[in-house]
Structures are given as C-alpha cells and as structure tokens.
Amino acid sequence: MNPQWRQWISHHLWHWQVLNSSQQQRLESLVRVFIAEKSFEGCDGLKVSPQMQVVIAAAACLLLIGFEDDYCFDKARTILIYPRPTAQRNLRQASGVINERQWLSGMVQHGGPIILSWRDVLRDCQNGQPGHHVVLHEFAHYIDGLDGAMEGLPPFPTPSLQQQWRAVAEKELSLLRTAVDQNEPTILDPYGMQSLAEFFAVATEAFYCDGHNLAHWHPELYHLLSILYRLETKHWFM
C-alpha cells in the first residue's frame, strides 16, 4: 500500500490500533479494491480529497476483514460526500402533508448511492465513540439489502442461522424499546428502536465499536454477529 494511505488510515481510523497484522494487511488490500471500484462525489461545494476516499474506504471495509475473498461492496458504485449532515424533507401523508426536516449523517437506499457527512465520518473514525459509527451503520444497511430488501434480516449462510437471527433480533429490539421507554441505560443506540433494519445497523455499530460490552450484555446478539462477520471483536476492547 502507498505509505501515505497507510499513514492516513493509522492516523484517522482508531480501529487500526486494535487490528492484528494480518487484519491490517487484509484491510489494506480491501481499501485498494474499494477505491478502484467506487466513484466519490463531493456535494454542497465539497472537494473530495484522496485522504477522504481512503478513510471512508478503510472504515467501510472493516465489515469485510473477516472474509477471505475480495468482495468489496460490488454494487455500491457511488459515494456522495457532504461537508456536514444534510437535510431531508419527509412528507407524512397520513395526516395531510407535513414538511419535517431531518438532518442526516448518512443514508443508503437500495440501488442508489451511499450518502455520508464528512464531518461525522471523521468524528466517528477518530474518536472511537462506543457504539456509534456512521460509515459502519450505512454499509451495514447495504449488507442487509444484499438479498433485495433492507429489512434487518442480513444474509446468514444457513436458513437455521437466519431464523436464529430473526428470533434474537426481535427479542433484543423489544428489550431496547422497553429500556428506552423506562430511561434505562443501554449500550445499543436508541436509534435502533425504529425498525428491525435500523436495529441491525445499530447492532453492527456496537459489534465493531463496543464489542466487549456487547458480548457481556447481549451474548446471543454478539455471537450471531460474530458468525455473520466471521470475526471476534470483543478482544479489541479488553
């Protein structure tokens, strides 16, 4: 890898410090493929630099370091990068037309580009906030949609594991909603309450950013995610 790329990754991606040498080599290989395959486009006047591309690629490819092939989000072709969270207007038609501005750090739609706020990408990549990482969140949605729908049912290798995931995820989602309603602390981001799809993305963030606590407090959830991603992350945080 270009030494400059490695320097950018080691400086901006806190995960780099907890990876072993083989995982670092694997990540470097994936980053090269990712950047060769993708188109990065700046929005709202943002000029995309090589450093931005490398940092985003490295963060996204953390989800793939447990695999052995060179698959690198093949169908994700375009990354749109905004300088800061961008506003989206939602139209709620059930009770008339209501304009509601929602500030988005990231978004992915099936078959469309992946949208990221560079401010939030850099914050999450550098700071190591437990259970929060916009790039991991959005690319988890992408993985969820590999079967054609983003429904919080990721592509486990067997039907039995898929059934296990549905049962555990639905139970954990219910527990998360109860904890939030009762103002109880939780290591899972309350944003995951919205749907099974958001729960999967939030659980993925916790797996990669707070694996030790996820394994301790939610062992079934951690175990299934370790099977899905073919990786053990709990040792990174001990």
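Heads up: numbering here begins at 1 and tracks the sequence.
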Pairs meeting criterion salt bridge (charged side-chain N to carboxylate O under 4.0 Å, His left out) with involvement of residues 30-51, two or more places apart | none

side-chain contact (heavy atoms from CB on, under 4.5 Å) against Asp69, all qualifying residues, sequence neighbours excluded = Arg26, Phe67, Tyr71

Table please: side-chain donor-acceptor pairs of residues 148-165 below 3.5 Å, with sequence neighbours left out.
unit_1	atom_1	unit_2	atom_2	d
Thr158	OG1	Leu161	N	3.1
Gln162	NE2	Phe156	O	3.4
Trp165	NE1	Gly152	O	2.8

Distance-only donor-acceptor hits, side chain of residues 2-9, under 3.5 Å, sequence neighbours excluded:
unit_1	atom_1	unit_2	atom_2	d
Asn2	OD1	Gln4	N	2.7
Arg6	NE	Glu28	OE2	2.5
Arg6	NH2	Glu28	OE1	3.4
Arg6	NH2	Glu28	OE2	3.3

Determine which pairs satisfy salt bridge (charged side-chain N to carboxylate O under 4.0 Å, His left out) with at least one residue from residues 213-229, sequence neighbours left out, and list them in order.
-> Lys171-Glu220

Contacts of Asp120 that satisfy side-chain contact (heavy atoms from CB on, under 4.5 Å) - sequence neighbours left out = Pro85, Ser105, Ser117, Arg123, Val134

Could I get the full list of side-chain contact (heavy atoms from CB on, under 4.5 Å) partners for Arg177, not counting sequence neighbours?
-> Leu173, Met193

Set of ring-ring contact (aromatic ring centres under 6.0 Å, His included) partners for Tyr142, sequence neighbours left out = Phe73

In Å and rounded to the nearest 0.5 Å, what is the OG1 to CD distance from Thr186 to Glu172?
-> 9.0 Å

For Tyr222, the ring-ring contact (aromatic ring centres under 6.0 Å, His included) test, sequence neighbours excluded, returns Phe207

Could you tell me which residues satisfy side chain to side chain donor-acceptor pair (under 3.5 Å) with Ser21, sequence neighbours excluded, listed by chain and number?
-> none

Return each pair, listed once, that meets side-chain hydrogen bond (donor to acceptor under 3.5 Å, both in side chains) where at least one residue sits in residues 196-209; pairs must be two or more places apart or across chains.
-> His137-Glu198, His137-Glu205, His141-Glu198, Thr204-Tyr229

Which salt bridge (charged side-chain N to carboxylate O under 4.0 Å, His left out) pairs, counting each pair once, include a residue from residues 222-238, with sequence neighbours left out?
-> none

